[in-house]
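Okay, structure first, notes after.
Since this is a predicted model, take the numbers as computed values, not measurements. Proteins come first, then strands; the chains are lettered A, B, ... in the order of their sequence lines, and each starts at number 1.
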Amino acid sequence: MTPEQDTLSKLEKRLLNDYQRGLPLSATPFADIADALGATEAKVLSTLSDLQERGVISRVGPVFMPQKAGASTLAAVAVPPEELAAAAVFISAFDEVNHNYERLHRLNLWFVVTAPDQQRVDEVLAEIERHCNQPVLNLPLMKHFHIDLGFPLWC
Amino acid sequence: MVLTECDYQLISAIQGGMPLVSHPYAEVGKEIGMSEKQVIARIGEMQAQGVIKRFGVVVRHHELGYTANAMVVWDLPDERLDEAGESLGAQDCVTLCYQRPRRLPEWPYNLFCMIHGRSREKVLAQVEQMVIELGLSDIQHEVLFSGQRFKQRGARYQ
């Protein structure tokens with residue numbers, strides 16, 4: 001257990017571990033969760049808001065299967081280290097870019113582009129390629145093998 | 001599943017997260033002119049059809065102390081890809097496992113998996129263990145750790 005996890009309350013841990021999937025599809029899902037965990041609805045709501053404010057969770061909501069709604073791809077580009085920060089700012093500024101990471105590799109900038117259609121994805125990649133003056137590696141998903149049940153935090 | 005204009009409105013309304021209120025589905029419905037029942041039914045259908053792969057708390061691993069994030073890429077012969085993909089995807093600490101195209105000569109790797117761990121050493125040890133247990137010692141692979149995180153949020157489709 002990490003220090004970050006040590007400071008979590010029991011209720012926080014249960015919410016984080018047990019509800020990465022299966023938010024109840026009832027009129028009052030948070031009251032249902034509260035019942036299951038022996039808490040009040042108000043406490044569940046305030047705890048989730050707090051986790052969200054602290055950045056421990058990004059949201060309570062859907063994770064979409066890539067390419068089942070809209071078009072997306074994973075892309076990578078090799079930029080000189082001294083230009084990394086500026087290239088990252090340019091790439092992150094696209095609303096279509098939802099993830100943008102440095103990776104410790106010759107291809108040092110990796111990002112995900114998601115848009116309503118393939119044409120827009122291609123346009124974004126082309127603009128980034130022009131701006132960085134480097135070829136962008138376009139690696140669209142072909143097949144997924146993992147059924148995403150969430151990540152077991154306390155194992 | 002064919003997504004309707006209505007579905008895209010719903011996706012747009014929920015992709016940033018559900019409102020943290022007592023009746024969240026009713027609240028979303030009010031925004032886009034759907035009833036609470038319709039919202040619940042469409043979200044249920046999108047889950048059943050795999051458009052939504054999970055619906056709940058989306059954890060930011062880094063903030064919980066899982067600071068080592070590695071993308072492990074493998075160059076698998078086509079005939080071994082499915083078997084390796086399924087066995088890697090079934091590992092507890094693998095959070096994503098995808099086939100993507102090779103881009104030769106620049107990029108020979110066709111299978112990608114994501115591992116979150118508490119340290120680089122632990123992640124490397126997990127990769128080592130998977131190589132042995134899953135019989136992948138003859139497969140060329142690379143571990144790409146993440147450095148700076150410049151942007152991280154859910155996808156937006158509208």
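The contact between Leu15(A) and chain B is made entirely by backbone atoms, counting heavy-atom distances below 4.5 Å. Both the backbone and the side chain of Glu86(B) come within contact range of chain A, each with at least one heavy atom under 4.5 Å from a heavy atom of that chain. Contacts of Phe30(A) with chain B are made by side-chain atoms alone, with heavy-atom separations under 4.5 Å and no backbone atom involved. With a 4.5 Å cut-off on non-hydrogen atoms, His99(A) touches chain B through its backbone and its side chain both. For chain A, the nearby parts of Leu20(B) are the backbone and the side chain; heavy atoms of each come within less than 4.5 Å. Contact annotation for Ser46(A): neither backbone nor side-chain heavy atoms come within less than 4.5 Å of a heavy atom of chain B. At a 4.5 Å heavy-atom cutoff, Arg120(A) makes no contact with chain B through either its backbone or its side chain. Neither the backbone nor the side chain of Ala41(B) comes within contact range of chain A; no heavy atoms are under 4.5 Å apart. With a 4.5 Å cut-off on non-hydrogen atoms, Leu137(A) touches chain B through its side chain but not through its backbone. Heavy atoms closer than 4.5 Å to chain B are found in the backbone of Pro24(A), but not in its side chain.
Ranked by heavy-atom pairs shorter than 4.5 Å toward chain A, the options Asp82(B), Leu81(B), Leu3(B) are led by Asp82(B). Residue with the most contacts toward chain B among Ile91(A), Leu109(A), Leu104(A), Leu84(A): Leu104(A) (heavy-atom pairs, distance under 4.5 Å). In terms of heavy-atom pairs under 4.5 Å with chain A, the best-connected choice from Arg149(B), Gln49(B), Gln99(B) is Gln99(B). Ranked by heavy-atom pairs under 4.5 Å with chain B, the first of Leu48(A), Asp117(A), Val112(A), Asn108(A) is Leu48(A). Counting heavy-atom pairs closer than 4.5 Å to chain B, the top residue among Ala85(A), Gly55(A), Ala76(A) is Gly55(A). The candidate from Pro29(A), Ala31(A), Ser49(A) with the greatest count of non-hydrogen atom pairs under 4.5 Å with chain B is Pro29(A). Comparing Ile40(B), Asn110(B), Val39(B) by heavy-atom pairs within less than 4.5 Å of chain A, the highest count is held by Ile40(B). Of the residues considered (Glu142(B), Arg103(B), Gln152(B)), Arg103(B) shows the highest number of contacts with chain A, using heavy-atom pairs under 4.5 Å.
Ser92(A) places no side-chain N or O within donor-acceptor distance of the main-chain N or O of Val89(A), the cut-off being under 3.5 Å. Judged by distance alone, the side chain of Arg54(A) and the main-chain N or O of Ile57(A) form no donor-acceptor pair under 3.5 Å. Within the 3.5 Å criterion, the main-chain N or O of Ser35(B) finds a donor-acceptor partner in the side chain of Gln38(B).
Between Phe111(A) and Lys151(B) the shortest side-chain heavy-atom distance does not fall below 4.5 Å. Arg54(B) is listed as a side-chain neighbour of Gln20(A), based on a closest heavy-atom distance under 4.5 Å. Within the 4.5 Å cutoff, side-chain heavy atoms of Leu88(B) are placed close to those of Met130(B).
With salt bridges taken as basic N to acidic carboxylate O contacts below 4.0 Å, none links Glu83(B) and Arg80(B).
A parallel orientation is assigned to the rings of Phe90(A) and His131(A), their planes being inclined by less than 30° (bins at 30° and 60°).
If you chain together hydrophobic residues whose side chains sit under 4.5 Å apart, Tyr98(B) and Leu144(B) fall into the same group.
A side-chain N or O of Gln119(A) and one of Glu123(A) form a donor-acceptor pair less than 3.5 Å apart. Side chains of Asp7(B) and Thr4(B): a donor-acceptor N/O pair is present below 3.5 angstrom, by distance only.
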